[in-house]
**Q** 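Sharing a structure, written as structure tokens. Questions coming.
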Amino acid sequence: MMRTHSSKRAYRGPMQVDVVIVGAGAAGLMCAATAGYRGRRVLVLDHARRAGQKILMSGGGRCNFTNLNSTPNQFLSANLRFCISALKRYPPQAFLELVERHGIEHVEKAAGQLFCAGKAKEIVDMLLTECEWAGVEVRLKTPVEAIEATDDGYRVTTHDDTITTESLVIATGGLSIPTMGATPFGYEVARQFGIEILPTRAGLVPFTLHPDLKERLAPLAGISVPVAATAGGMRFEEPMLFTHRGLSGPAMLQISSFWQPGEPLVIDLLPGRDAAADLAERRADRPQGTVLQYLDEHLPRRLSRVLCDWHGWSRPLQEYSREDLAAVAERLHCWTVHPAGTEGYRTAEVTLGGVDTRALSSQTMEAQGQPGLFFIGEVVDVTGHLGGHNFQWAWASGVAAGQAV
Ligand code: FDA
């Protein structure tokens, strides 16, 4: 029998456990199983109706559960070295072995990105099974009302119970997708114990556009093109998707984590080509040819048309000087967009910033000045690039704390 409680609980009255974990998400469940296998009595509390809701919705329902090429270089943090230890001790291969032990079929989509061949639910079921085997109790629909430090640990008050524990792990994630149960709870607990929170903002999130550009690009909704996007000193070569609201797709999600409001975003619509040289060659071979004909060979037809109408590229190539062709190429390779903003936490995959890593041990995730208090997963100021890195951080930081609580 699974010890997952969604309605009536098994215990009445004060309860003593070794470890309370708040948050039955990716990091919390991983930490719980790890600690449970060490013989620790573990209780996981979550206010949601289901465990691992973000896992269920991740990767388009198929969960990009890790990235075989994950290294500390794929992470953002005010302290880039913080994540190294945990990631090294629990590499992607370790999670893959767990997935394979549970017989979960998987596929590699882009290089290194591993997804379930079936449904993301298999990953949640696997984590809950691991928790069950490790003797962990997972209690859902249980909001935490108060946390206090005691002489030998912590007292956690829920709506119907008081639990005392030696170790308290905060695994409540970030602020993205509030409709899925995201709350600032983890940041509030950190503040309660004097731990600094670095400014948070939405990451891996689509861009919104100002009305004139939005209107101009409206006919392109649904089109995906490979681009190179540059902002904040980073460049990503991935597909970009035009949507009814703005610009999305992997290239935009990736670069959004590095973009700062007010900054321009530079998009190369023909990465890997030299449009000026291509057009000059074409002008010599086919003077009557047009920019549209050239673009139609490299871009979706609807996009070439919008670009040519927008910039007035209608004359035969023989009427373009070298400077004119350079100007066309500049617009294609360096399309400078000033986003209105991003879609924010409503659709963001992650929250940048969070619990300041300077307050935590990189070996154990324990708060330096607050023995027995741990922070893991997305609530910490460690954020991965798109492609399975964020789950890898959740697993690795969960295991690091699970071995220490
Ligand atoms: P997570 O959010 O998983 O869990 C936090 C838990 O805490 C939740 O169960 C929540 O209910 C609970 N909680 C919150 N407040 C609480 C409170 N006050 N009291 C009690 N419980 C509380 N990453 C990746 O690597 N590959 C992917 O394919 C995707 N895809 C993806 C798609 C979408 C749409 C989103 C939004 C995100 C992704 N991600 C992703 C990111 C990934 O989901 C995220 O980084 C991890 O889930 C973070 O794991 P955590 O355990 O830290 O938080």
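Computation of the quantities below employed the complete heavy-atom set of this structure, encompassing side-chain atoms and omitting hydrogens, waters and symmetry-equivalent molecules. Each ligand, and each atom within it, is numbered from 1 in the order the structure gives.
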**Q** Could you tell me whether the side chain of T364 and the main chain of A401 form a donor-acceptor pair under 3.5 Å?
**A**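 It does not hold such a pair.
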
**Q** Return the residue, atom name and 0.1 Å-rounded distance of the protein heavy atom closest to atom 31 (C) of ligand 1.
**A** E349 OE1, 3.4 Å

**Q** Is ligand 1 under 4.0 Å from a heavy atom in the side chain of A348, in the backbone, in both, or in neither?
**A** backbone

**Q** Any idea which atoms of ligand 1 are less than 4.0 Å away from a heavy-atom of V22?
**A** 20 (C)

**Q** Just jot down the ligand 1 atoms closer than 4.0 angstrom to any heavy atom of G173, in number order.
**A**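 Heavy-atom distances to G173 below 4.0 Å select 5 (C), 52 (O), 53 (O).
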
**Q** I need the contact type for F185 against ligand 1. Using non-hydrogen atoms and a strict under-4.0 Å cut-off, is it side chain, backbone, both or neither?
**A** side chain

**Q** Hydrogens and angles aside, do T158 and D160 bring a side-chain donor and acceptor to less than 3.5 Å of each other?
**A** yes

**Q** Nearest protein heavy atom to atom 27 (C) of ligand 1, by residue and atom, and its distance?
**A**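 Going atom by atom, the protein heavy atom closest to atom 27 (C) of ligand 1 ends up being F391 CE1, 3.6 Å.
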
**Q** Between the side chain of T200 and the main-chain N/O of G353, is any donor-acceptor distance below 3.5 Å?
**A** no

**Q** Note the single closest protein heavy atom to atom 36 (C) of ligand 1, along with its residue, its atom name and the distance in Å.
**A** I177 CG1, 3.5 Å

**Q** Which atoms from ligand 1 have a heavy atom of G23 less than 4.0 Å away?
**A**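 Counting from 1, the qualifying ligand atoms are 6 (C), 7 (O), 12 (C).
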
**Q** How far is atom 19 (N) of ligand 1 from the closest protein heavy atom, and which atom is that?
**A**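 Checked against all protein heavy atoms, atom 19 (N) of ligand 1 sits closest to H47 CG, 3.9 Å.
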
**Q** Return the closest protein heavy atom for atom 15 (N) of ligand 1 as residue, atom name and distance.
**A** T183 OG1, 2.6 Å

**Q** Could you please spell out the steps behind the ring-ring contact (aromatic ring centres under 6.0 Å, His included) verdict for F236 and F258?
**A** CA-CA 11 Å; F236 287 97; F258 296 86; 5.8 Å; yes

**Q** For atom 45 (O) of ligand 1, what's the nearest protein heavy atom and its distance?
**A**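 It is E378 OE1, 3.1 Å.
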
**Q** Nearest non-hydrogen contact with atom 29 (C) of ligand 1 belongs to which option: G354, C63, S58?
**A**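 Among G354, C63, S58, the closest heavy atom to atom 29 (C) of ligand 1 belongs to S58.
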
**Q** Please check if any side-chain donor atom of T71 sits under 3.5 Å from a side-chain acceptor atom of Q74, or the reverse.
**A** yes

**Q** Nearest protein heavy atom to atom 51 (O) of ligand 1, by residue and atom, and its distance?
**A** A27 N, 2.8 Å

**Q** Will you find, in the side chains of T66 and Q392, an N or O donor that is under 3.5 Å from an N or O acceptor?
**A** yes

**Q** Only heavy atoms of N64, strictly under 4.0 Å: list the atoms of ligand 1 that pass.
**A** 24 (C), 25 (O), 26 (N), 27 (C), 28 (O)

**Q** Of the backbone atoms (N, CA, C, O) and the side-chain heavy atoms from C-beta on, which set of P143 has a member under 4.0 Å from an atom of ligand 1: side chain, backbone, both, or neither?
**A** neither

**Q** Would you find a donor on one side and an acceptor on the other, under 3.5 Å apart, between the side chain of S304 and the backbone of L292?
**A**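 Flag not set: sc S304 to bb L292 has no pair under 3.5 Å.
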
**Q** Looking at ligand 1, is there an atom of it that comes within less than 4.0 Å of some heavy atom belonging to S176?
**A** no

**Q** For the residue pair Y294 and E281, confirm or rule out a side-chain donor-acceptor distance under 3.5 Å.
**A**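 No, no side-chain donor-acceptor contact under 3.5 Å.
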
**Q** Near G377, which atoms of ligand 1 are under 4.0 Å from a heavy atom of that residue?
**A** 52 (O)

**Q** Closer than 4.0 Å to some heavy atom of G59 - which atoms of ligand 1 meet that?
**A**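 Selected atoms, number and element: 28 (O), 30 (N).
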
**Q** What atoms of ligand 1 come within less than 4.0 Å of a heavy atom belonging to G25?
**A**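 Result: 3 (O), 4 (O), 6 (C), 9 (O), 51 (O).
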
**Q** Determine yes or no for a side-chain-to-main-chain donor-acceptor pair under 3.5 angstrom, with D381 supplying the side chain and V355 the backbone.
**A**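 Checking the backbone N and O of V355 against the side chain of D381, no donor-acceptor pair under 3.5 Å is found.
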
**Q** Distance from C31 atom SG to L127 atom CG, nearest 0.5 Å?
**A**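 Taking SG in C31 and CG in L127, the distance rounds to 12.0 Å.
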
**Q** To the nearest 0.1 Å, how far is atom 8 (C) of ligand 1 from its closest protein heavy atom, and which atom is that?
**A**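 Scanning the protein heavy atoms, the shortest distance from atom 8 (C) of ligand 1 goes to D46 OD2, 3.4 Å.
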
**Q** Which of the atoms of ligand 1 are close to G181, meaning less than 4.0 Å from one of its heavy atoms?
**A**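 Answer, ordered by atom number: 14 (C), 15 (N).
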
**Q** Does one side chain, of H102 or E122, offer a donor that lies under 3.5 Å from an acceptor on the other?
**A**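 No, no side-chain donor-acceptor contact under 3.5 Å.
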
**Q** Have a look at ligand 1 and work out which part of N67, if any, has a heavy atom under 4.0 Å from it: side chain, backbone, both or neither.
**A** neither

**Q** By the definition side-chain contact (heavy atoms from CB on, under 4.5 Å), identify the one residue from K54, E378, H385 that meets it with V350.
**A**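 Single pass found, and it is E378.
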
**Q** Looking at L360, is its backbone amide N or carbonyl O close enough to the side chain of Q368 to form a donor-acceptor pair, meaning the two atoms are under 3.5 Å apart?
**A** yes

